[in-house]
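Structure first, commentary second.
We count residues from 1, following the sequence as given.
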Amino acid sequence: MTEGTTSAAAEGADTLTRLEQEGEIAADYLEGLLDIADLDGDIDMDVEADRASVSIISDAGGRELQKLVGRDGEVLEALQELTRLAVHRETGDRSRLMLDIADYRATKRTELSELGAKAAIDAKNSGEPVKLRPMTPFERKVVHDAVKAAGLRSESEGEEPQRFVVVLPN
């Protein structure tokens, strides 16, 4: 192994360790929150796409956890920010941690990927840009990824909270 390869491997291991630490801090914070709210849920931690990922799941089908998702994921977004702040308080570093509750984001990711792929087909067929509804940063990222996978490009336009994706034809 060369020196560059060795340092790259060590950097990758350091990043993984840091992200695992973020997940553990987030899990502890969320377990405390579940206790306070008297809600049952299991915490699952992972590292996906260079960010810590924490999920709260329930054997009871997740109906009780829907309170933590809220309308259109608004409560989930707020809890994610609070959890990131808790991680930041412990580590001193900004966190890009993703939180999912009762598979809300996983289901949403599938729906948005399909929306992005359909918008890409529409843009290819019509030769015209396709504007989508306003979305959260998470939603826009998923749509941008789906459009890119379909071989087109997309842009975000507008100001928060009315920022939306425009799918551009070739």
**OP:** I would like to know whether Thr83 and Leu85 meet side-chain contact (heavy atoms from CB on, under 4.5 Å); could you show each step before the answer?
**Re:** CA-CA 5 Å; Thr83 305; Leu85 286 171; over 6 Å; no
Gap between atom [atom2] of [Y] and atom [atom1] of [X] - 0.5 Å precision:
{"X": "Asp42", "Y": "Ser55", "atom1": "CG", "atom2": "OG", "result": "11.5 Å"}
{"X": "Lys67", "Y": "Ile101", "atom1": "NZ", "atom2": "CD1", "result": "13.0 Å"}
{"X": "His88", "Y": "Ile25", "atom1": "NE2", "atom2": "CD1", "result": "11.5 Å"}
{"X": "Leu30", "Y": "Leu99", "atom1": "CG", "atom2": "CG", "result": "5.5 Å"}
{"X": "Asp72", "Y": "Thr136", "atom1": "CG", "atom2": "OG1", "result": "10.0 Å"}
{"X": "Asp93", "Y": "Gln21", "atom1": "CG", "atom2": "CD", "result": "8.5 Å"}

Counting only heavy atoms from other residues, nucleotides and ligands, does the tally under 6.0 Å from [atom1] of [X] exceed 12?
{"X": "Glu160", "atom1": "CD", "value": "yes"}
{"X": "Asp35", "atom1": "CG", "value": "yes"}
{"X": "Arg94", "atom1": "CZ", "value": "no"}

If you look at every heavy atom in [X] and [Y], which pair is closest and at what distance?
{"X": "Pro129", "Y": "Val166", "value": "CB-CG1, 3.8 Å"}
{"X": "Leu97", "Y": "Ala26", "value": "CD1-CB, 3.4 Å"}
{"X": "Ala146", "Y": "Ala117", "value": "CB-N, 4.1 Å"}
{"X": "Pro169", "Y": "Ala123", "value": "CB-O, 3.5 Å"}
{"X": "Ala119", "Y": "Val130", "value": "O-CG2, 3.8 Å"}

Are the side chains of [X] and [Y] in touch, meaning some heavy atoms are under 4.5 Å apart?
{"X": "Met45", "Y": "Glu20", "result": "no"}
{"X": "Leu39", "Y": "Leu68", "result": "yes"}
{"X": "Met98", "Y": "Arg84", "result": "yes"}
{"X": "Asp145", "Y": "Lys148", "result": "no"}
{"X": "Val87", "Y": "Tyr29", "result": "no"}
{"X": "Ile43", "Y": "Val54", "result": "yes"}
{"X": "Val69", "Y": "Leu65", "result": "no"}
{"X": "Glu157", "Y": "Phe164", "result": "yes"}

Original post:
Charged N to carboxylate O under 4.0 angstrom, Glu139 versus Lys141?
Top reply: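 A salt bridge is absent here (no side-chain N lies under 4.0 Å from a carboxylate O).
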Original post:
Is the closest basic N to carboxylate O distance between Glu81 and Arg96 below 4.0 Å?
Top reply: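 Arg96 and Glu81: not salt-bridged.
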Check whether [X] reaches the backbone of [Y] with its side chain - one donor and one acceptor, N or O, closer than 3.5 Å.
{"X": "Asp14", "Y": "Arg18", "answer": "no"}
{"X": "Arg163", "Y": "Gly158", "answer": "yes"}
{"X": "Ser126", "Y": "Glu128", "answer": "yes"}
{"X": "Asp40", "Y": "Ser58", "answer": "no"}

**OP:** Please assess Met135 against Val143 for the test side-chain contact (heavy atoms from CB on, under 4.5 Å), listing each intermediate value before the final yes or no.
**Re:** CA-CA 10 Å; Met135 298 179 187; Val143 171; 3.8 Å; yes
Hydrophobic clusters here meaning ILVMFWY residues chained together by side-chain heavy-atom distances under 4.5 Å, can you tell me if [X] and [Y] are in one?
{"X": "Leu112", "Y": "Leu76", "value": "no"}
{"X": "Phe138", "Y": "Tyr104", "value": "no"}
{"X": "Ile56", "Y": "Leu82", "value": "yes"}

Subject >> Step-by-step side-chain contact (heavy atoms from CB on, under 4.5 Å) determination, Leu168 to Glu155 >> reply: CA-CA 8 Å; Leu168 304 168; Glu155 299 174 345; 3.7 Å; yes
**OP:** Determine whether the side chains of His144 and Ser154 contain a donor N or O and an acceptor N or O closer than 3.5 Å.
**Re:**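 Ser154 and His144 do have a side-chain donor-acceptor pair below 3.5 Å.
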**OP:** Using distance alone, with no hydrogens and no angle criterion, decide if Gln80 and Arg105 have a side-chain donor and acceptor under 3.5 Å apart.
**Re:**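 Yes, because at least one side-chain N or O of Gln80 sits under 3.5 Å from a partner of the opposite role on Arg105.
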**OP:** Give every residue pair that meets the side-chain hydrogen bond (donor to acceptor under 3.5 Å, both in side chains) criterion with at least one member in residues 109-125, sequence neighbours excluded.
**Re:**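 Checked against side-chain hydrogen bond (donor to acceptor under 3.5 Å, both in side chains) - neighbours excluded - the pairs reaching residues 109-125 are Lys118-Asp122.
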